[in-house]
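Note on naming: letters A, B, ... go to the chains in the order of the sequence lines (proteins, then strands), and numbering restarts at 1 for each one.
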Amino acid sequence: MAKPRIPTVKGTRDFYPENMALRRWLYEHMRAVAEAFGYQEYDGPFLEPLELYAAKSGEELVKEQAFVFPDRSGDLITLRPELTPSLARMVAQRQKQLPLPLRWWSFGPFWRYERPQRGRGREFFQWNVDMVGVATPEGDAELAAIGAAFFRRVGLRPEQVRILVNNRRLMDAQLEALGIPPEQRKAVFRLIDRKDKMRADAWEAYAAEIGLSPAQIQGLYALFERHDLWETSDELRRFFAAADALGVRDYIRYEPTIIRGLDYYTGTVFEARDHEGRFRAILGGGRYDNLVAAVGGEPVPGVGFAMGDMVITLVLEAYGLKPDLPQTPAQVLVTVFDADRLLDSLRLAQRLRAAGLRVSTYPQPAKLGKQFKYANRMGIPVVAVLGPDELAQGQVTLKHMGTGQQVQVPLDAAAAQVRAWLAPETPGGAA
RNA sequence: GUGGCCGUAGCUCAAUCGGCAGAGCACCUGACUGUGGAUCAGGUGGUUGGGGGUUCAAGUCCCCUCGGCCACCCCA
């Protein structure tokens with residue numbers, strides 16, 4: 001039985017119907033939230049020239065984390081590892097004609113050549129939401145509010161997930177005050193980013209290694225305790241006031257150690273974490289004010305975030321919020337009594353479909369028990385039986401699998417009966 | 001790319017010192033010739049991830065490889 005199988009490519013996933021249902025569920029919530037804020041759906045190519053990323057992204061990304069291959073002419077093609085460069089190009093190409101600010105969102109596959117682990121694969125789906133053409137803290141807050149609105153919509157409460165916020169300009173000023181020169185800041189940002197990922201002694205050794213004095217290290221520690229630091233930043237005060245007005249203040253917290261790894265963030269940065277810190281970042285984003293310029297356009301400010309499908313799924317699972325989705329769209333299974341009555345069953349199924357129901361038939365004659373069992377396994381709520389007795393009277397027997405209730409009705413009353421049974425749970429069943 | 005842990009039936013796992021590969025669940029059949037879930041009985045199912053080595057004998061020990069998980073790295 002166990003034939004030699006061709007395995008999936010490392011780090012990729014098969015989407016069986018139940019997985020596909022969840023992916024679609026995520027997509028529908030993302031769409032609903034993005035559209036509630038007036039964002040338009042868009043997408044870029046999955047294949048891009050290597051140069052698109054070489055132009056702006058870090059060396060590491062392109063050289064070690066992207067799937068790159070030559071096409072038949074020898075040009076180097078990349079499976080997109082992120083969407084932002086494509087967005088930047090799309091904006092730059094139509095910079096003069098696009099109405100700013102533009103608000104765009106997307107959900108699609110991305111690839112990174114990484115070592116797969118829990119919550120991280122080589123092929124994953126990512127929700128991207130960006131606002132381009134606005135450089136205000138209120139714009140930043142809108143993006144954070146979209147993330148928060150998604151959490152609220154799927155049932156994640158502020159005690160469970162938080163969006164942690166900081167601001168790079170604020171941190172820059174603080175580092176300045178500690179006497180850390182500009183050329184050292186990038187390394188120090190990196191150091192701060194690793195604060196919670198390293199043991200204290202290793203972290204301090206690393207800090208000393210990049211040239212920080214003991215006094216400066218103590219200064220950083222003091223900084224990390226300053227959860228009120230945002231009050232000294234005009235940008236963040238406006239950010240939090242806007243978050244308050246948008247009704248998501250409870251999801252958002254100032255966190256001085258949030259800095260984000262990416263070099264191109266220029267102002268506010270944020271990421272969402274589960275409260276217990278069991279999982280990696282659920283979403284991450286921030287303000288990038290020079291992005292479009294890097295692919296040849298005039299500088300346009302932007303702010304956005306991305307959320308991968310894998311971590312959010314783990315988080316939903318952990319909090320018991322992963323939905324139980326119907327296994328099958330079918331509302332009715334029409335059984336096949338025997339070979340002579342097969343066509344009668346097909347006719348009934350078609351009649352029910354014409355009445356707007358979603359109907360599948362058992363594909364061949366079989367013992368009724370087996371067919372009922374199939375309906376049970378597939379989660380089909382209503383079973384129709386069309387045997388000699390029913391056919392002789394122009395009727396059909398309907399059974400509701402949930403309650404066990406069973407009635408015999410005229411053929412032309414069947415659809416109404418099914419609808420009456422299903423009405424409370426699927427009001428939109430009709431076409 | 002570096003280091004560590006782990007791969008046994010469809011799933012979850014067991015198998016003593018290296019000594020006949022097992023259980024539960026699932027699946028199929030029957031008890032039940034027009035009705036699912038429950039119960040009972042029986043049955044199918046394995047190159048122990050793959051390859052090589054040591055040995056009279058390997059799920060077990062050694063090497064390689066593939067995959068999963070964890071920590072680095074990174075997280076666009």
What nucleic acid atoms does A:Gln406 come within less than 4.0 Å of, heavy atoms only: base, sugar-phosphate, or nothing?
base
Taking the C1' atom of each, how far is B:A58 from B:G53, in whole Å?
11 Å
Going through the checks in order, is the side chain to side chain contact (heavy atoms under 4.5 Å, CB included) test met by A:Met307 and A:Ile282?
CA-CA 6 Å; A:Met307 182 173 92; A:Ile282 303 164; 4.1 Å; yes
Check whether more than 12 heavy atoms from other residues, nucleotides or ligands sit under 6.0 Å from atom CZ of A:Phe37, and answer yes or no.
yes
A:Pro388 side-chain proximity, nearest of B:G37, B:U35, B:G34:
B:G34
Between the base of B:G1 and the side chain of A:Gln65, is there any donor-acceptor pair under 3.5 Å?
no
Go through the steps to decide whether A:Phe189 and A:Arg168 satisfy the test side chain to side chain contact (heavy atoms under 4.5 Å, CB included), and finish with yes or no.
CA-CA 9 Å; A:Phe189 276 164; A:Arg168 286 202 167 181; 4.1 Å; yes
Pick base, sugar-phosphate or nothing for A:Glu390, based on heavy-atom distances below 4.0 Å to the nucleic acid.
base
Distances for protein N or O near nucleotides 67-69 of chain B N or O, under 3.5 Å:
unit_1 : atom_1 : unit_2  : atom_2 : d
B:G68  : OP1    : A:Gly11 : N      : 3.3

Could you say whether A:Arg194 or A:Gly369 is positioned toward the 5' end of RNA chain B, judged by the nucleotide with the nearest heavy atom to each?
A:Gly369
Taking the cut-offs as 6.0 angstrom to the six-membered ring centre and 45 degrees off its axis, would you call A:Arg31 and A:Phe107 a cation-pi pair?
no
Starting at atom OH of A:Tyr206, determine the distance to atom P of B:C72, rounded to an integer number of angstrom.
14 Å
Can you find a heavy atom in the side chain of A:Leu321 that is under 4.5 Å from one in the side chain of A:Val154?
no
Can you check the distance between B:U44 and B:U39, where both ends of the measurement are the P atom (answer in whole Å)?
22 Å
Is the NZ or CZ atom of A:Arg80 positioned over A:Phe110's six-membered ring, under 6.0 angstrom from the centre and within 45° of the axis?
yes
Between B:U35 atom C1' and A:Phe372 atom CZ, what is the distance in whole Å?
4 Å
Report the distance from atom CG of A:Leu333 to atom P of B:U35, rounded to the nearest whole Å.
15 Å
Taking the same atom, P, in B:A23 and in B:A9, what whole-Å distance lies between them?
14 Å
Please give the distance between the C1' atoms of B:A15 and B:G59 as a whole number of Å.
8 Å
Between protein and nucleic acid, restricted to nucleotides 24-30 of chain B and to nitrogen or oxygen atoms under 3.5 Å apart, what atom pairs and distances do you find?
unit_1 : atom_1 : unit_2   : atom_2 : d
B:C27  : OP1    : A:Arg377 : NH1    : 2.7

Please report, rounded to the nearest Å, how far the C1' atom of B:G36 is from the CD1 atom of A:Ile380.
12 Å
Here the ring pair (Phe, Tyr, Trp, His ring centres under 6.0 Å) pairs for residues 134-162 of chain A, sequence neighbours left out, are A:Trp127-A:Phe150
Inter-nucleotide C1' distance (B:C69, B:G49), Å rounded
15 Å
Is the centre of the A:Phe239 ring less than 6.0 Å from the centre of the A:Tyr254 ring?
no
Tell me whether the NZ or CZ atom of A:Arg273 lies within the 45° cone about the ring axis of A:Phe279 and under 6.0 Å from its centre.
no
Does NZ or CZ of A:Arg23 lie under 6.0 Å from the centre of the six-membered ring of A:Phe15, at an angle within 45° of the ring axis?
yes
When rounded to whole Å, the CD to C1' distance for the pair A:Glu114 and B:C70 reads 15 Å
For RNA chain B, the dot-bracket notation using Watson-Crick and G-U wobble pairs below 3.5 Å, [ ] for pseudoknot-type crossings and | for other-strand pairs, is (((((((..((((.....[..)))).(((((.......))))).....(((((..]....))))))))))))....
Tell me what A:Gly404 touches on the nucleic acid: a base, only sugar-phosphate, or nothing, going by heavy atoms under 4.0 Å.
base
Determine, using ring centers only, whether A:Tyr39 and A:Trp104 are less than 6.0 Å apart.
no
A:Leu83 CG to B:C75 C1', in whole Å, measures 16 Å
For A:Tyr206, which residues count as a ring-ring contact (aromatic ring centres under 6.0 Å, His included) partner, sequence neighbours excluded?
none
Can you tell me how far P in B:C32 sits from the matching atom in B:C25, rounded to whole Å?
23 Å
Give one of base, sugar-phosphate or nothing for A:Phe337, where a contact means two heavy atoms less than 4.0 Å apart.
base
When rounded to the nearest Å, what value does the distance between C1' atoms of B:A26 and B:G3 take?
39 Å
List the residues meeting salt bridge (charged side-chain N to carboxylate O under 4.0 Å, His left out) with A:Arg226, not counting sequence neighbours, and say none if there are none.
A:Asp228
Between atom CZ in A:Arg278 and atom P in B:A71, what is the gap in whole Å?
13 Å
Ignoring hydrogens and angles, are the base of B:U35 and the side chain of A:Gln371 linked by a donor-acceptor pair under 3.5 Å?
no
Nearest whole angstrom, please: distance from the C1' of B:C72 to the CG of A:Asp193.
14 Å
P gap between B:G50 and B:A41, integer Å:
34 Å
